[in-house]
2 protein chains.
Amino acid sequence: MEQLRETLKGHHLRTTTCREDVLLTFMNKKNALSHGDLEGALGENYDRVTIYRTLKTFLEKGIIHKVLDDEGLRYALCSHQCSEEKHQHDHIHFKCNECGKTNCLENLHIPNVALPAGYQPESFNLLIQGKCPECLGNN
Amino acid sequence: MEQLRETLKGHHLRTTTCREDVLLTFMNKKNALSHGDLEGALGENYDRVTIYRTLKTFLEKGIIHKVLDDEGLRYALCSHQCSEEKHQHDHIHFKCNECGKTNCLENLHIPNVALPAGYQPESFNLLIQGKCPECLGNN
DNA sequence: AAAAACACTGCAACATCGTTGCAAGTGTTA
DNA sequence: TAACACTTGCAACGATGTTGCAGTGTTTTT
C-alpha cells in the first residue's frame, strides 16, 4: 500500500486510486497485461480512457514497459529501476503457447549477436515462445 | 513475374492480380510492411478487406511472417523455405529508430540462452533497435 | 464442352482498439 | 483554505480488423 505511493511519488506522479489500482494489478498478476486485461479487472471502476492514459503515463515515467508478442501489445512492470531519463532497454520475455501468459525473465542477459557491419544497436528485445513450467507440470 | 506465379503455385494458391501485386510489393520494398503500408501502395486497386485476407492467407501458407516492434504489427517475406507444415521459427529483425524501417537479418543465428529450469522453448524472436547503415552514413 | 464445386473479391456492416477536446472534479502546494 | 495544475469521465471520433453475403472467376468433374 505505502509501497505503491512511494513508487508513484518517486516518479513524480500524483497518487490517485486509479493509478494505485493499476499498479496493484500489475503487482498481483505477475504476467504482462494488455489494456483489455486491465479493463476487465478494473473496468467497472474506471473509464476505458483513463486506463489508456494511465498506461501511457506509466510508460513515459518508466514504471512499465511494452511487451510484444504475436497477439499484440502488453505491458509489464519494469523491475530494474527505470526513470524518465534512463530506461533499461534489454528485455527477455517468455510466452507460453499453452496458457498464453507472458512473463519477464529477469536476471538473464541477452548474449552478444554478431551484427553485420554498419549496424549500431541500441536495445534488444527477445521473445521466446514455448511451454512454461506450470503447463509442463500439468501433463 | 514468372517467379511470382511459381511462389504462389508452390504454396497451392491461385494466382490473382492482388496476390501478385502484394507479393511484388514485398519484393520491391525490402523492409517489413504493415497492412497500412500495403493499403497505401495498392489501396486504389484493391479493397481493404482483400488485402487483409491476402495477408492472412500468406501467413497461413508460410509465405510471410509476422514482425513485431513497439509500433505494431508488420509482415515480411520468409526467406527460408516455409510451408504450411513447417515454418522456420527463429527470426532476428533490426529496426532503425531513425528511418523507422524494419528488416530481417538473414544468416544470423540467435545464440543459446540459458533458460531457467522448466522452460521449454520452441521459437525465438529477437528485435534489435538502433541505427541502420543507411542512416548512419547520412550524417 | 457444360455443369458442379470451389475459391477469390468487393461491399456493407459491424466490433474492437486507441485518441482527442472539453468540462468537472481531485490532489498538491503555499 | 484558496489557487493552481493535474486527473478523470464523457462524448465523439478515427483507425484497425473481422464477418456475412452476393457476384464473379477458376478448377474439376463428367
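Just the heavy atoms: all of them, side chains too, but no hydrogens, waters or symmetry mates, feed the values below. Throughout, protein chains are lettered first and strands after them, A, B, ... in sequence-line order, and every chain is numbered starting at 1.
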Respond yes when some side-chain nitrogen or oxygen of B/R48 is under 4.0 Å from OP1 or OP2 of C/dG10, and no when none is. no
Which part of the nucleic acid does B/R53 contact within heavy-atom distance under 4.0 Å: base, sugar-phosphate only, or nothing? base
Aromatic ring centroids of B/H65 and B/Y75 under 6.0 Å? no
Output yes when A/D69 and A/K95 qualify as a salt bridge under the 4.0 Å nitrogen-oxygen rule, no when they do not. yes
Starting at CG of B/D47, measure out to CZ of B/R53 and round the result to the nearest 0.5 Å. 8.0 Å
Do you see a donor-acceptor pair shorter than 3.5 Å between the side chains of A/E122 and B/N97? yes
Looking only at side-chain N and O atoms, does B/S34 offer a donor or acceptor that is under 3.5 Å from a partner on B/D37? yes
Just do the side chain to side chain contact (heavy atoms under 4.5 Å, CB included) check on B/T102 and B/N31 with the steps written out, would you? CA-CA 5 Å; B/T102 304; B/N31 49 308; 5.7 Å; no
Is B/K101 salt-bridged to B/E134, going by a charged N under 4.0 Å from an acidic O? no
Please figure out whether A/L73 or B/R19 has its closest DNA chain C nucleotide nearer the 5' end. B/R19
Note down the inter-axis angle between the two ends of the helix from C/dA1-D/dT30 to C/dA30-D/dT1, five pairs each, to the nearest 10°. 40°
Would you list the protein and nucleotides 25-30 of chain C atom pairs, both N or O, that sit under 3.5 Å from each other?
none

Please identify the 5'-most and 3'-most nucleotides of DNA chain D with any atom under 4.0 angstrom from a heavy atom of chain A. D/dA5 to D/dA11
Can you measure B/L42 atom CG to C/dG10 atom P for me and round it to whole angstrom units? 11 Å
Hey, is the main chain of B/Y46 close enough, under 3.5 Å, to the side chain of B/T50 for a donor-acceptor pair? no
Looking at B/R19 and B/T54, would you say the former's side chain and the latter's main chain have a donor-acceptor pair under 3.5 Å? no
Rounded at 0.5 Å granularity, tell me how far CZ in B/F124 sits from CD1 in A/I128. 5.0 Å
